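Below is one structure, written out as C-alpha cells; the observations come after it.
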Amino acid sequence: MAASLSTALDVHLSIPKSDTKRPIFLTKPTQRSHPIKINISCNSKSSENVAAESPNPETKTLSLSEQLKPLSSTTLSPTKNDRTPLLSKPKSTWVNPTKPRRSVLSLQRQKRSTYSYNPRVRDLKLFARKLNDCDNTEEAFLRAITEIPHQPTRENALLILNSLKFWQKSYFFFNWIKSQNLFPMETIFYNVTMKSLRFGRQFQLIEQLANEMVSNEIELDNITYSTIITCAKRCNLFDEAIEWFERMYKTGLMPDEVTYSAILDVYAKSGKVEEVLSLYERGVASGWKPDPIAFSVLGKMFGESGDYDGIRYVLQEMKSLGVQPNLVVYNTLLEAMGKAGKPGLARSLFDEMVESGLTPDEKTLTALIKIYGKARWAKDALELWERMRENKWPMDFILYNTLLNMCADIGLVEEAERLFEDMKLSDGGNVDKAIELFEEMSKLGVAVNVMGCTCLIQCLGKARRIDDLVRVFGVSIDRGVKPDDRLCGCLLSVVSLCVTSEDVDKVITCLQQANPKLVAFLKLIEDNCTGFENIKEEFRNVIKDTEVDARRPFCNCLIDICRNRNLNERAHELLYLGTLYGLYPGLHNKTLDEWSLDVRSLSVGAAQTALEEWMWTLAKIVRREEVLPQLFLAETGTGTHKFSQGLATAFASHVNKLAAPFRQSEGKAGCFVATREDLVSWVQARRSSITA
DNA sequence: CTAGGGTTAG
C-alpha cells in the first residue's frame, strides 16, 4: 500500500504542468484516512522525487519535512517538554527511527498577556486620532508627538500604538518610544508594530525589526513568527516565509496551531501540495486536532488544483476528527467543488450546510450561482435565486455580477432585467453599484429595458446625481429604450427634487425628448399669468394621454414642483383638478362621528396642500355653524409604503406651522387626531387674529 | 478596544 502511494506521488511529480486538473490522489480516498501511512510514503520518496523535480540537486531547496528530520534528531529536545531550551541539549541525541515521531507543533496556543484598564484611555485615544490625522511624514509626526497628554509609560504607549492606523505612524511611534529609553522594549511592542507594518506590506521593515529583536535578545514568540510569516505570504515571498518558519524551529521554539496553519497556507499558496499534506499528517500524528481554519486552507488548496479526491479527503478528515465545518469551510469547499467540476456535489454540500443551521452569506451564494451558471443549470440557478429572495439572504455587488453573468451565460435575458430592476428598488444607497451594473450589463449585451432604466434613474435622482442621470437616460434612448409614462413620472419627480435651476434644466431636457407635451404643461403652470380655465383644459389634455397608473404620480409631482417654487395657489388648483378627474379617490371620508383625510397616496407637497384645503373648508363650516362630527382624523400612514416615506414627519411639521390642533394618535401610528372643540376654537382664534 | 492563521466576479 505504501508503495502504491509512493508511486502515486511519483506520477504526480512527473506529470507535465499543463495537466493540472489531474488528481493528486490516484489511489482511493479511503486509503488517505491513515495519516501514518501517508507520512511514511511522503518521507520515503526523498531522493527520487528530488531528482524528478529538479535535475540539479544542489540548487534544490529541501522540503520542510526533509529538513525537519535532521532538526528533530538534532536541535529539538527529545523530551515532551517544548520549552526545553535548545542549547542545553546538544546534537548528541540520536532518535531511534522505530520510536514514535516527535511532535512538530505545540498543542497549546500561546497565551496572551492580559491588560488592565487604562484610566487615561479617552485622552490617549484622542491623541492617537491626532497622530492619525497628521501628515504621513516624520516631521509632522515629531511635531504632533510633543502634544502627548500623559507620560509615555509602557501601558500608555501600548494603547497609542494599538490605535494608530497607518504603518508609517506606527513605525515612527515605535522608534520614538524606543528613543525615549523609558522602559525596555518588550516583544509585544514589536508584535503590534509588525502587525501594522504588515498592513502596509512592509516585509523589509518587519524583517529588520525581527533581526533587531534577535540582536537585542528580545524573545520572538509565536505571534512574532506568525506575523512575519503571513506578511511574507501576502508579499508573495514564500521562500522568506518558510525560512522564518525554519528559523523558529532552529531556535527551539515550537509553532502553535496558529503559526502552523499560517505556514500550511504558505505551502498551499506556493503549490507545494505534498509538503502541506506531510505537515498536516505530522501535525495530526503529534496529537493536533486541526480546526476549521486549517481545513479551509486544505480545501482551498485542493480547489486550486480542481482535485476532487482532495476535497473528499478534507470532508472525511473533518468527519473522522469530529470537526464541524463552519461557514468559511463550506464556502471554500463549495468553491472547490466548482473548480473540480462537481455541481451536483456542490448542491448537496450546500443543502447539508443549510440543514446544519448555517446561513449562507454572499460568498456562499456567489460560489453556488457561479457553479450553476457554468453548468448551465438554469432551473437550479433560478430556484436558488428565488430562495435568496424568500429568505432575504445577503446580497452584495459581486453576487449581483455573478447573477448577471449567470443570466448571460444561460441566456436568461428577462431575469437579468428583473435583477437590474430589483437592485435599484432594494438599495437606493448603492448608486455607484447601480451605475457599475448598468455598465456591466451594457458590456454583456444584456438589453436595458425601460423598467430597469426607470429604476436606475430614480436611484440617481434620489442621490442628486443629475449628470449621471442624463448620461444613463441618453445611453438608454440610444439603445432603443422607449420612454413610457412611468419613466416620465420618474423624471418629473426628479424635477421636483432638483435644487438648482441648472439641474432642473438638465432633467427637463430629458423629459422634453420623452414627453414634450408634459414639458409644455410645466411651462404653462409656472407662468403666473396663465388663467385657471387654460390650466384646466391643458391638464385634461395631458392626463387623458397618460396611462391610468401614472396619472396620480404626475399630479403629485406637479403639485410638489409648484410648492417648491412658492406657487401655492397653483398647487391648490392642481389638487382640485386631480380630485375632479378622479385621481384621489377616498381622500375625504365622512361618517356621523368622524371626518377623515386620507393622504396616504399623496406626495408630501400634495398632502400639505390637501391639509390646507381641508382646514379652509372646515373653517368655512365652523363659521357657517354647520353640524360637525366629534372627531377629525388625518391619515398619513407610517411610511412603510414606498410612496409615503417621510410623509408623517412632513405632515406633522406642517400641522405645527399652521398651529392646527392635530396630535399624533397614541393608539394608531401614522394618524393625527383633533376634537371638534379644539378645531372650533382654533378656527375662531385664527379669525380673530386675522380681523385684529 | 488593546499583538498572530482561512473564503467571493472579470
Side-chain angles (χ1 to χ4, degrees), chain A residues 105 109-118 121-122 124-125 128 154-164 170 174 186-199 206 220-231 233-234 241 245 248 255-266 268-269 290-301 303-304 314 325-336 338-339 360-371 373-374 394-406 408-409 433 436-437 439-440 443-444:
Chain A
L105 86 163
R109 203 184 270 225
Q110 182 183 319
K111 289 204 172 62
R112 297 172 184 227
S113 48
T114 48
Y115 293 85
S116 54
Y117 174 74
N118 189 327
V121 60
R122 248 188 100 88
L124 294 167
K125 280 268 177 193
R154 180 190 181 276
E155 278 68 32
N156 291 348
L158 256 183
L159 206 148
I160 295 172
L161 191 56
N162 265 312
S163 315
L164 295 177
S170 310
F174 173 82
E186 298 162 37
T187 305
I188 188 168
F189 283 90
Y190 283 90
N191 289 350
V192 177
T193 308
M194 282 185 182
K195 184 191 175 188
S196 181
L197 289 170
R198 186 185 61 179
F199 214 73
I206 285 190
L220 284 79
D221 60 14
N222 258 288
I223 298 178
T224 322
Y225 281 110
S226 58
T227 309
I228 299 171
I229 288 166
T230 52
C231 178
K233 183 181 78 187
R234 284 176 205 187
F245 183 59
M248 180 175 188
D256 65 10
E257 70 170 330
V258 175
T259 316
Y260 205 73
S261 53
I263 204 70
L264 277 185
D265 197 36
V266 168
K269 295 248 152 51
D291 65 1
I293 295 182
F295 286 117
S296 137
V297 167
L298 292 186
K300 170 93 186 181
M301 175 182 76
E304 286 304 311
V314 173
N326 65 12
L327 185 58
V328 177
V329 172
Y330 274 115
N331 289 350
T332 311
L333 290 175
L334 282 171
E335 179 85 4
K339 294 205 170 128
D361 67 2
E362 296 88 335
K363 289 170 184 159
T364 323
L365 300 165
T366 299
L368 214 51
I369 287 291
K370 193 176 151 192
I371 289 168
K374 274 191 173 173
M395 298 279 274
D396 66 3
F397 188 49
I398 293 179
L399 180 49
Y400 272 116
N401 269 347
T402 308
L403 280 165
L404 265 180
N405 278 325
M406 181 271 292
D409 275 352
K433 292 178 176 179
E436 231 175 292
L437 185 54
E439 317 281 10
E440 188 72 17
K443 258 193 291 175
L444 286 167

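Owing to the predicted nature of the structure, the values given are computational and were not obtained by experimental measurement. Chain letters run A, B, ... following the sequence lines, proteins first and then strands; every chain starts at 1.
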Q: Return the value, rounded to whole Å, for the distance between atom CG of A:L161 and atom P of B:dT2.
A: 14 Å

Q | Atom of A:T332, atom of A:G299 and distance for their closest heavy-atom approach | A | CG2-C, 3.8 Å

Q) Heavy atoms, side chains only, cut-off 4.5 Å: are A:F295 and A:P290 in contact? A) yes

Q.
Is it the case that B:dG4 (base atoms only) and A:R112 (side chain only) share a donor and an acceptor within less than 3.5 Å, ignoring hydrogens and angles?
A. yes

Q) So, is A:K269 close to the B:dT7 phosphate, meaning a side-chain N or O under 4.0 Å from OP1 or OP2? A) yes

Q.
Rounded to whole Å, please give me the gap between OH in A:Y190 and P in B:dT2.
A. 24 Å

Q | Closest nucleotide among B:dG5, B:dG4, B:dT7 to the A:K195 side chain | A | B:dG4

Q. Which part of the nucleic acid does A:V192 contact within heavy-atom distance under 4.0 Å: base, sugar-phosphate only, or nothing?
A. sugar-phosphate

**Q.** From B:dA3, B:dG5, B:dT8, nucleotide with atom closest to A:K300 side chain
**A.** B:dT8

Q. Where the side chain of A:V121 is defined as all heavy atoms beyond and including C-beta, which of B:dT8, B:dG4, B:dC1 is the nearest nucleotide?
A. B:dC1

Q.
Can you list everything that forms a side-chain contact (heavy atoms from CB on, under 4.5 Å) with A:N162? Sequence neighbours excluded, please.
A. A:Y115, A:L158, A:V192

Q. Quick one: which of B:dG4, B:dC1, B:dT7 gets closest to the side chain of A:N222?
A. B:dG4

Q) Rounding to a whole Å, what distance do you find between A:D291:CG and B:dG4:P? A) 16 Å

Q) Does A:T227 make a side-chain donor-acceptor contact with the base of B:dG4, cut-off 3.5 Å? A) no

Q.
Please classify the nucleic acid contact of A:E257 as base, sugar-phosphate, or nothing, using heavy-atom distances under 4.0 Å.
A. base

Q) At under 4.0 Å between heavy atoms, what does A:T259 touch on the DNA or RNA strands: base, sugar-phosphate, or nothing? A) base

Q: Could you pull out the closest heavy-atom pair between A:S163 and A:K125, with the gap in Å?
A: OG-NZ, 3.4 Å

Q. Can you name the residues that form a salt bridge (charged side-chain N to carboxylate O under 4.0 Å, His left out) with A:K269, not counting sequence neighbours?
A. A:D265

Q: Using atom CD of A:E335 as one end and atom C1' of B:dG6 as the other, report the distance to the nearest whole Å.
A: 13 Å

Q. Expressed in angstrom and rounded to an integer, what is the separation of A:E304 atom CD from B:dT8 atom C1'?
A. 12 Å

(Q) Looking only at the side chain of A:T402 (C-beta and beyond, no hydrogens), which of the listed nucleotides B:dA9, B:dG4, B:dT7 gets closest? (A) B:dA9

Q. Could you give the CZ-to-P distance, from A:R154 to B:dT2, as a whole number of Å?
A. 16 Å

Q. Base, sugar-phosphate, or nothing for A:S113, non-hydrogen atoms under 4.0 angstrom?
A. base

Q | Donor on one side chain, acceptor on other, A:D221 and A:T187, under 3.5 Å | A | no

Q | Euclidean distance, atom CG of residue A:D396 to atom C1' of B:dT7 [Å, nearest integer] | A | 13 Å

(Q) Rounded to whole Å, how long is the line connecting atom CG of A:L164 with atom P of B:dA3? (A) 14 Å

Q.
Can you tell me which nucleotide in B:dG6, B:dA3, B:dA9 comes closest to the side chain of A:I398?
A. B:dA9

Q | Any N/O donor-acceptor pair, A:D256 side-chain to B:dG5 base, under 3.5 Å | A | no

Q) Of the nucleotides B:dC1, B:dA3, B:dG6, which one has an atom closest to the side chain of A:L159? A) B:dC1

Q | A:R234 side-chain proximity, nearest of B:dG5, B:dA9, B:dT7 | A | B:dG5

Q. Considering only B:dT7, B:dT8, B:dG6, which nucleotide approaches the side chain of A:P292 most closely?
A. B:dG6

(Q) Under 4.0 Å, heavy atoms only, any strand: does A:N326 hit a base, just the sugar-phosphate, or nothing? (A) base

Q: Between A:S296 and A:T187, name the one whose nearest nucleotide on DNA chain B is closer to the 5' end.
A: A:T187

Q.
Does any part of the side chain of A:M248, heavy atoms only, come nearer than 4.5 Å to the side chain of A:N222, both counted from C-beta?
A. yes

Q) Side chain of A:R109: nearest nucleotide among B:dA3, B:dG6, B:dG4? A) B:dG4

